[in-house]
There are 2 protein chains.
Amino acid sequence: MTGYGQFCPIAKTMEVLDERWTVLVVRELLCGSHHFNELRRGVPKMSPALLSKRLRSLAKAGIVLRLDDGNRTRYELTPGGRALAPVISALGEWGVQWRSQLGEEDYDPSLLMWDMHRNLDHDAMPDGRVVLAFRFPDVEPAHREWWIIAESSDLVDVCDADPGFPVTVTVVSALPTMVHVWRGDLRWATALRDGDLWLEGSAEAQRVLPQWLRLSPFAAVARQGDVAVIGDGSRSPHT
Amino acid sequence: MTGYGQFCPIAKTMEVLDERWTVLVVRELLCGSHHFNELRRGVPKMSPALLSKRLRSLAKAGIVLRLDDGNRTRYELTPGGRALAPVISALGEWGVQWRSQLGEEDYDPSLLMWDMHRNLDHDAMPDGRVVLAFRFPDVEPAHREWWIIAESSDLVDVCDADPGFPVTVTVVSALPTMVHVWRGDLRWATALRDGDLWLEGSAEAQRVLPQWLRLSPFAAVARQGDVAVIGDGSRSPHT
DNA sequence: CAGTATCCAATTGGATACTG
DNA sequence: CAGTATCCAATTGGATACTG
């Protein structure tokens, strides 16, 4: 039930990566998360017990190092773990090209905010605090409003309660619209032109927002295979 | 228990590939197997019930096509399935670099023969029938001797019973030695020089055998990370 | 914050035997 | 040849509550 009993290098790799959630935990580590609750925010639907278990397996497999960091534990990829980057890239590139259709349950605003908050282009942003607000009118009230507070490149917070700071720009759209813009399935300009997404704030801030908010690392991958779902989450048929 | 509930393209890919054996079935299809029992030979430790189940899942996922081919079923990759080639390559490259240590149970002579038989360099081989014999004195009698009978590029058989044809060259070694030569962990020349592997047959046939028998597609990948196990299957410590 | 402990229903997949 | 049927032990992982 564990190994494959094969000398094939693909089999030897899958022995380590084929368990549910494992690859997503590695993805989070590659994205720069180092602490347990930070990792949890990248895999919000994974139970903490299971995350703990996977981190131990990955440590045993020589992919993750668990380090004592004061009274917390710090997780670090080993060189072998970092060498998984091309594997993770290949998986993401295939996914964006051949699995672009999402189900209802895939639209998770907390994950979107978590992804966006660590991909801001701080060089393009003004000095001082920038507050980005998001409103998704189609989402249940409890998860409808979000704030990203960028103080500096190493201090960016996400919260779902109004932090009280003046907002630099507000983005309003259906959640699937923002998700597909982030994924690169739908262009900012197209969504704005079609009225599927709109901005509130100074004209200048509205103009530069798309530079501040970078897109998914896979957004630039050429699309093929199937048609993206856009707008309201209804499925487009395969072409 | 099935999806991850994430819009992340890596998660969407793993929803299709994270089940045990699935990636190895795709590997077999990419290697050119098209029929059920042909696929089985590439995953000898997988039960036929499970192989059947995985082929159905892959068909449902749009990766495999099941075609009626006379009274048998033919399996074909879809364009999306063929597009998994870079993913499979990345997995194999990582495995060869970071998981080169094999366990006892990974040394499977039937899989080795199956891999080798489809990687012959027919252009380097003479016209007419070429018979390669293998003897692994360390393996239990029932799986100690193997023959690869190459009639032409589209007619190559593997068997574990003497087919009775004159043998062109015989290779004798411990099974791990041949496996590590195939994987590229150990060079032909080194194994021959150290007496870990020897050949029987005409001097000319011995000389050209390494051209006929090509190595694993991952044999040329640069090694790093850990030290290969060679020779008798005992473990070398990590460096 | 960073996990651990416990429980349990559901799934998984190996084994074996059988079939047109 | 190309699978299907059945059974069952073992594992898995989600849920919930708890801890220093």
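Note that this is a predicted model, so its numbers are computed, not measured. The sequence lines fix the lettering, A, B, ..., with proteins before strands; numbering per chain opens at 1.
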Decide if the gap between the ring center of His143(B) and the ring center of Phe134(B) is smaller than 6.0 angstrom.
no

Value rounded to 0.5 Å, distance of CD in Glu38(A) from CZ in Arg72(A):
7.5 Å

Sole residue of Thr22(B), Val16(B), Leu17(B) in side chain to side chain contact (heavy atoms under 4.5 Å, CB included) with Glu19(B)
Thr22(B)

If you assign each of Asn37(B) and Pro48(B) to its closest nucleotide in DNA chain D, which residue comes earlier from the 5' end?
Asn37(B)

Where each residue is assigned the nucleotide of DNA chain D containing its nearest heavy atom, which of Ala49(B) and His35(B) is assigned the position nearer the 5′ end?
His35(B)

If pairing requires Watson-Crick or G-U wobble contacts with both distances under 3.5 Å, which nucleotide is the partner of dT19(D)?
dA2(C)

Scanning all shown strands, the Watson-Crick or wobble mate of dC8(C) with both distances under 3.5 Å is dG13(D)

Measuring from the side chain of Thr73(A) (C-beta onward, heavy atoms only), which nucleotide among dG3(D), dA2(C), dT4(C) has the closest atom?
dA2(C)

Options dA2(D), dT12(D), dG13(C), nucleotide nearest the side-chain atoms of Glu19(A):
dT12(D)

In whole angstroms, how far is the [atom2] atom of [N] from the [atom1] atom of [X]?
| X | N | atom1 | atom2 | result |
| --- | --- | --- | --- | --- |
| Arg20(B) | dG14(C) | CZ | P | 5 Å |
| Leu50(B) | dA5(D) | CG | C1' | 15 Å |
| Leu51(A) | dC1(C) | CG | C1' | 14 Å |
| Arg40(A) | dC1(C) | CZ | P | 9 Å |
| Trp21(A) | dG14(D) | CH2 | C1' | 11 Å |
| Lys53(A) | dG14(D) | NZ | C1' | 12 Å |
| Asp69(A) | dC1(C) | CG | P | 15 Å |
| Arg74(A) | dA2(C) | CZ | P | 11 Å |

Would you call the rings of Tyr4(B) and Trp21(A) parallel, tilted or perpendicular, where under 30° means parallel and over 60° means perpendicular?
perpendicular

Look at the side-chain N and O atoms of [X] and state whether any lies under 4.0 Å from the OP1 or OP2 oxygen of [N].
| X | N | result |
| --- | --- | --- |
| Arg72(A) | dC1(C) | no |
| Ser47(A) | dT16(D) | no |
| Ser52(A) | dT4(C) | yes |
| Tyr4(B) | dG13(D) | no |

With heavy atoms under 4.0 Å as the rule, sort Arg54(A) into base, sugar-phosphate or nothing.
sugar-phosphate

Cation over ring, Arg129(B) on Phe165(B), under 6.0 Å and within 45°?
yes

